[in-house]
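Atoms within each ligand, like the ligands themselves, are counted from 1 in listed order. Note that the structure is a prediction, hence the values are computed from the model and not measured.
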Amino acid sequence: MPNALFSTERSSWPLVNKGYRGRFAPSPSGLLHFGSLIAALASFLDAKSTLDNNNQQGKWLVRIDDIDPPREQAGASDEILKSLDTFGLHWDEQVLYQSQQTQLYNEVLANLAQQKLTYNCHCTRAQIKTLGGIYQGTCKTLNLSNTNNAVRLINQVAISQFNDLIQGQVNCDFALAHEDFILKRKDGLFAYQLAVVVDDIEQNITHVIRGCDLLEPTARQLSFFATLKQTPPQYGHVPAATTAQGFKLSKQNKAPAINNHHPQPALIAALKFLGQQVEPDMINVSVDEIITWAIKHWQRDNISSTTKIVID
Ligand code: GLU
C-alpha cells in the first residue's frame, strides 16, 4: 500500500515483495579490506543460499555509499567493485551510487518537513558534548532557517531494542535511541541515516547483513523506517574483525587492502571467521569453486556473536 508520506511522488513505495534481497553498501573512503570482505561475503552467501518457491537464489545488490566526498578516495569505488568481482561476489542488477540519489533524498526531506517531522538545528558537536553528549532537542522550537543548519528528525518512534539475526536481542542506550538524529548535515551533505534507509526502501531490501560496528545505527534506522511507515529489512550483524591489539579493521585506521592477485587465502580466512567448516584442500581450488561450495554449505547459525581477534 503506498505510504501517505510519499503518495504523490513515490507511489511505487513499497514495491511488491520479490523474495530475499540483500545488499552490500561500501563507502569509497578506501579499498576493500579483510573486515569489509567479511561483511560482503556474509551478505552475499546469506542471499545466495536462500531459495524462493521457484528455487531461485536471493538477489544480492551492491550500493556505493558515496555521499561524503571529502572522505572519498579517488578511484576507490571502481577498485572495490573489481575486488568483489575477483572474490567471486558477483552482484545482481545495476550498482546504485548514492551520489545519484540527491533528488530522492531532497524529496523525502521536503515531505518530512511538510509533515512537521523535522526541524533545523545550529548546535555544534562541542555544545552537545557539554550537555552530556546526547542532543536534548535544544533547537526544536526555535524555528531556524535551513541555511547552514542541520536537519533533525523528530524521533517520535524511538526504538531501543530489536532482534538481530546473528546477535539475538540487542538493547540500545535509551537516551540515544530517543535522540532527534541528523538527516542532513550542517555542511549540506546528506546524513548516512537518511540515505541508507531511503535506499533500502527504494531497493526493496529485505535483509541487511553487515558488520557489528553498525549495530547502534540500526536502532535509528528502525525508528526512521517506522516514521516513514515502511517495513524494515531484517538485520544481522557479523562480528567485527580486529587487530591483535583490539582495533577494528577499518578504512579510517588504514586496514590493508585485500590481495586481488591471490584471493583464495583471504576468502578462506573470511569463511573460517564466519564459522564455516571449510575443507582443508579448498585452498587449491578456484575462487568460483570456493564460492559455489560456500553457498551450498552456508550456515548462518555458525557465526559467532562475539568479536574475534584475527589479524595482525
Ligand atoms: N557504507 C557503510 C560502511 O561502509 C555501510 C552501510 C550499511 O551497510 O548500512 O560502513
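Per-residue contacts place Arg23 under 4.0 angstrom from the following atoms of ligand 1 (heavy atoms of the residue considered): 7 (C), 8 (O), 9 (O). Atoms of ligand 1 lying under 4.0 Å from any heavy atom of Leu214, numbered from 1 in the order shown and given with element: 5 (C), 6 (C), 7 (C), 8 (O). Each of the following atoms of ligand 1 lies closer than 4.0 Å to a heavy atom of Val196: 9 (O).
For a threshold of 3.5 Å applied to N or O pairs, the pair formed by Pro26 and ligand 1 contains no separation below that value. For a threshold of 3.5 Å applied to N or O pairs, the pair formed by Asp213 and ligand 1 contains no separation below that value.
Checking Asp46 against Tyr20 by side-chain atom types alone, a donor-acceptor pair falls below 3.5 Å. No donor-acceptor contact under 3.5 angstrom links the side chains of Gln276 and Gln299, judged on distance only. Thr218 and Arg210 share a donor-acceptor pair across their side chains, judged by distance under 3.5 Å alone.
With Lys184 as the fixed residue, the side chain to side chain contact (heavy atoms under 4.5 Å, CB included) test singles out one of Asn106, Asn146, Leu189: Asn106.
Aromatic ring pairs are classed by plane angle as parallel below 30°, tilted from 30° to 60° and perpendicular above 60°; the pair Phe24 and Trp60 is parallel. Using bins of under 30°, 30° to 60° and over 60° for the plane-to-plane angle, the ring pair His178/Phe174 lands in the tilted bin.
Residue Gln221 places no heavy atom under 4.0 Å from ligand 1. Under the 4.0 angstrom criterion for non-hydrogen atoms, Phe24 is not in contact with ligand 1.
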